[in-house]
Amino acid sequence: MTYDRLVCANCASPVNEGRCPVCRANRARLQQEGFFGGLNGLNPMALLAVLAVLIATVALLAHQTA
């Protein structure tokens with residue numbers, strides 16, 4: 001879900017239109033931090049690499065305990 005589909009509870013309009021001060025403040029906050037927090041700065045290959053390392057670590061730990 002992207003923030004352009006969010007509806008403001010204050011004015012009942014889409015947040016991305018910024019009709020009221022609450023919409024504008026939330027739109028600015030969401031644009032600044034990104035919808036996924038810090039994960040939006042990583043490219044897909046970096047995410048896949050992190051996932052592969054995590055899977056390898058879990059497999060290694062599972063193999064050592066068995």
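Here the structure is a predicted model, which is why all the values come from computation and not from measurement.
- Here CD of Q64 is found 6.0 Å from CG of L61. Values are rounded to the nearest 0.5 Å.
- Without hydrogens or angle criteria, R27 side chain to V15 main chain gives no donor-acceptor distance under 3.5 Å.
- In this structure V22 satisfies the side chain to side chain contact (heavy atoms under 4.5 Å, CB included) test together with C8, N10, C20, N26, sequence neighbours excluded.
- Atom CD1 of residue I55 and atom CG of residue L60 lie 13.5 Å apart, to the nearest 0.5 angstrom.
- M45 belongs to a hydrophobic cluster with L48, counting contacts under 4.5 Å between side-chain heavy atoms of Ile, Leu, Val, Met, Phe, Trp and Tyr, direct or through other members.
- Listed by first and then second residue, the salt bridge (charged side-chain N to carboxylate O under 4.0 Å, His left out) pairs involving residues 46-60 amount to none (not counting sequence neighbours).
- Heavy-atom minimum distance, P14 versus C23: O-SG, 4.4 Å.
- Every salt bridge (charged side-chain N to carboxylate O under 4.0 Å, His left out) that R19 has, sequence neighbours left out, goes to E17.
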